[in-house]
**Student:** 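Got a structure here, written out as structure tokens. Questions coming.
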2 protein chains.
Amino acid sequence: MSTETMLSFEKDCSECPIRHRAVCARCETDELELLESMKFYRHFKAGSTVLWSGDEMPFVASVVAGIATLSQTMEDGRRQMVGLLLPSDFLGRPGRAIAPYDVTATTDLTICCFKKKPFEELIVSTPHISQRLLEMTLDELDAAREWMLLLGRKTAREKIASLIAIIARRDAALNRHDHRNAFTFDLPMTREAMADYLGLTLETVSRQVSALKKDGVIELSGKRHITIPDFDRLMDETGDDADGGPLV
Amino acid sequence: MSTETMLSFEKDCSECPIRHRAVCARCETDELELLESMKFYRHFKAGSTVLWSGDEMPFVASVVAGIATLSQTMEDGRRQMVGLLLPSDFLGRPGRAIAPYDVTATTDLTICCFKKKPFEELIVSTPHISQRLLEMTLDELDAAREWMLLLGRKTAREKIASLIAIIARRDAALNRHDHRNAFTFDLPMTREAMADYLGLTLETVSRQVSALKKDGVIELSGKRHITIPDFDRLMDETGDDADGGPLV
DNA sequence: TGGCTTCCTTGATCCATGTCAAAGAATTGA
DNA sequence: TCAATTCTTTGACATGGATCAAGGAAGCCA
């Protein structure tokens, strides 16, 4: 599961790309040293399963690179994604032994793991960690509530536009763009994963993506590569208030 | 807004009905004394608005009695409930000045408030509070994810059955019943509020409630009073796994 | 008592999205 | 280079839930 080569941050937390956003963001040098002695990395290929719902969960982890999803499946196969974990997001819950959701690597994925037991002790003894975890959990709850509005009340077209806007924003936050109004990026997920995210079928996703393309809201090259000629135009299609927050 | 009479718990936290489940659950006697000196109560009538989205939010609070809801409204009036606050649940977020959702009293409501600033200081200095808040926030996130599955993938009939099961469970947790298989309680919300919760229209809610009644899954007297003759039968209608957790 | 007002129910119809089916692109591996 | 596989698109049709419309029931207060 693990690669042979060791990247610089795998020794040294201060080199880590998510150093300032992850659960360890507030840690001081001495606290980082403690984390360094406990952490271990795991890598997953795109499409592979990290954990099945019901599995024992021996670790908690931060996403370092790539994207993971949390999803629930009903007995008859209906499936809903309930979490999208981007770099710096936290996986797992202190005090929980069993995974409540399927965890899947949507792209190639690297996670920084801590054994559950020692991490739980750390939370009690290191307020910098528990405070940061609280903040991140509150952010996730806000995101979940946005998502509930999307699932309960938006049309298929608005759902697609919203998802594209979310991904564009995240991409803009990572890679600074020169142009203010032209965004280009790859969708990091299949049509089926988009459908699972949005509570739609993959056919409806495909049709609505085509419709947004036909109407000039997005430009497509290949199936995954998207250009947004006018971000405000895309925002109009999401159904959200005009002032849905600044772009970064 | 506030009543003239003071109930015993309004002086003495140890008398408080939510003492062992709220954000203060883990506090020791001396910590409770500190909270007692800071807290104040507010009361709202059923149907009244506690806060509008965008309002300044000068306090955080625990729900002591009654039910409050969080909801989002789109520009054209589409509305989705995104939180259901029952007694002991926490309202507000440390570090947030502006309410991001409409907060409504669904029933008569009593909340135990703390001014935001002093509470934020308390969180830093009192690990018993921040740890409990983390735990409660993680629970809310789990509930939000269940709800996302409901919104994204369940049929109207499954949604109604799920909501009734949730309320029945909560009611059973508060009021011990003698019979193992007969539950009776009042729906604490209008058909419209149910629709906002479930991502449906009120007409569909009404029709599906009638259908469940016709099929003998529930018994209705009046519009709000429900009896569940066979809880397992109801659970079959929710679409959830058979082992959706024990009843309390 | 009667007339508002609010909440709820039911019917008729429509339409957005799901379902079923087929075939086109892109990718992988032999 | 050619299957085989996976992902995607598109078409035809079905349907669950929304919409529009009317009226019933319960609570309230004058």
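In what follows, chains carry the letters A, B, and so on, assigned in the order in which the sequence lines appear, proteins first and then strands, with residues in each chain numbered from 1.
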**Student:** Let me know the distance between NZ of K154(A) and P of dA18(D), rounded to the nearest Å.
**Tutor:** 18 Å
**Student:** If the cut-off is 4.0 Å, is S210(A) near the phosphate of dT10(D), judged by side-chain N/O to OP1 or OP2?
**Tutor:** yes
**Student:** For I160(B) and dC8(C), give me the distance from atom CD1 to atom P, rounded to whole Å.
**Tutor:**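 About 12 Å, once rounded to whole Å.
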**Student:** From CE of M189(B) over to C1' of dC8(C), roughly how many Å is that when rounded to an integer?
**Tutor:** 15 Å
**Student:** Report the distance from atom CZ of R78(A) to atom P of dG18(C), rounded to the nearest whole Å.
**Tutor:**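 Computing the R78(A):CZ to dG18(C):P distance gives 12 Å.
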**Student:** CG of L187(A) versus P of dT8(D): gap in Å, rounded?
**Tutor:** 9 Å
**Student:** Tell me which nucleotide among dC7(C), dA25(C), dT17(C) gets nearest to the side chain of R224(B).
**Tutor:** dC7(C)
**Student:** Please state how far atom CG in L220(B) lies from atom P in dC8(C), giving the value in whole angstrom units.
**Tutor:** 11 Å
**Student:** Over its full length, what angle do the end axes of the helix from dT1(C)-dA30(D) to dA30(C)-dT1(D) make, each axis taken from five pairs and the result rounded to 10 degrees?
**Tutor:** 30°
**Student:** For residues 72-92 of chain A, which residue pairs pass the ring-ring contact (aromatic ring centres under 6.0 Å, His included) check, not counting sequence neighbours?
**Tutor:**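 Every ring-ring contact (aromatic ring centres under 6.0 Å, His included) pair that includes a residue of residues 72-92 of chain A, provided the two are not neighbours, is F90(A)-F119(A).
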**Student:** Could you tell me whether D142(B) and R96(A) have a side-chain N and a carboxylate O separated by less than 4.0 Å?
**Tutor:**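 Salt bridge: yes.
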**Student:** Can you establish whether the number of heavy atoms outside E203(A) located under 6.0 Å from its atom CD is more than 12?
**Tutor:**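 It does: E203(A) CD has more than 12 such atoms within range.
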**Student:** Hey, could you give me each pair passing ring-ring contact (aromatic ring centres under 6.0 Å, His included) that has a residue in residues 189-214 of chain B? Not counting sequence neighbours.
**Tutor:**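 Every pair satisfying ring-ring contact (aromatic ring centres under 6.0 Å, His included) with a residue in residues 189-214 of chain B: W147(B)-Y197(B).
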**Student:** Would you mind reading off the distance between Q208(A) atom CD and dT10(D) atom C1', rounded to a whole angstrom?
**Tutor:**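 Result: 14 Å.
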**Student:** Which pairs with one or both residues in residues 52-83 of chain B pass ring-ring contact (aromatic ring centres under 6.0 Å, His included), sequence neighbours excluded?
**Tutor:** none
**Student:** Taking the minimum atom-to-atom distance to the side chain of R191(A), which one of dT8(D), dA18(D), dT10(D) wins?
**Tutor:**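 Out of dT8(D), dA18(D), dT10(D), the nucleotide with an atom closest to R191(A)'s side chain is dT8(D).
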**Student:** Side chain of R207(B) only, heavy atoms from C-beta on: which candidate in dA25(D), dT8(D), dG11(C) is closest?
**Tutor:**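 Between dA25(D), dT8(D), dG11(C), the one nearest the side chain of R207(B) would be dG11(C).
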**Student:** I'd like to know if R191(A) and D196(A) make a salt bridge, using a cut-off of under 4.0 Å between side-chain N and carboxylate O.
**Tutor:** no
**Student:** What nucleic acid atoms does R157(A) come within less than 4.0 Å of, heavy atoms only: base, sugar-phosphate, or nothing?
**Tutor:**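 It contacts nothing in the nucleic acid.
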**Student:** Return no unless some side-chain N or O of S206(B) is found under 4.0 Å from OP1 or OP2 of dT10(C).
**Tutor:**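 No, no such contact exists.
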**Student:** Under the side chain to side chain donor-acceptor pair (under 3.5 Å) test against S162(B), which residue among E237(B), E146(B), R157(B), K154(B) passes?
**Tutor:** K154(B)
**Student:** What side-chain hydrogen bond (donor to acceptor under 3.5 Å, both in side chains) pairs are there with at least one residue in residues 57-71 of chain B, not counting sequence neighbours?
**Tutor:**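 The answer is S71(B)-R79(B).
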**Student:** Minimum heavy-atom separation for L202(B) and A195(B), please, with both atom names.
**Tutor:**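 Smallest interatomic distance, heavy atoms only, reads N-CB, 3.6 Å.
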**Student:** List in numerical order all residues of residues 192-203 of chain B for which some heavy atom is under 4.0 Å away from an atom belonging to DNA chain D.
**Tutor:** G199(B), L200(B), T201(B), E203(B)
**Student:** In terms of side-chain heavy atoms of T190(B), which of dC8(C), dT8(D), dG17(D) is nearest?
**Tutor:**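 Ranking dC8(C), dT8(D), dG17(D) by closest atom to the T190(B) side chain puts dC8(C) first.
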**Student:** If each of V209(B) and A156(A) is mapped to the nucleotide of DNA chain C with the nearest heavy atom, which maps nearer the 5' terminus, i.e. the 5' end?
**Tutor:** V209(B)
**Student:** Do R153(B) and D76(A) meet the salt-bridge criterion of a basic N to acidic O distance under 4.0 Å?
**Tutor:** no
**Student:** Check this one for me: any side-chain N or O of T204(A) less than 4.0 Å away from OP1 or OP2 of dG18(C)?
**Tutor:** yes
**Student:** Check every atom of dC7(C), dT10(D), dT17(C) against the side chain of K223(B) and return the nucleotide holding the closest atom.
**Tutor:** dC7(C)
**Student:** In whole angstroms, how far is the P atom of dA18(D) from the CG atom of D76(B)?
**Tutor:** 15 Å
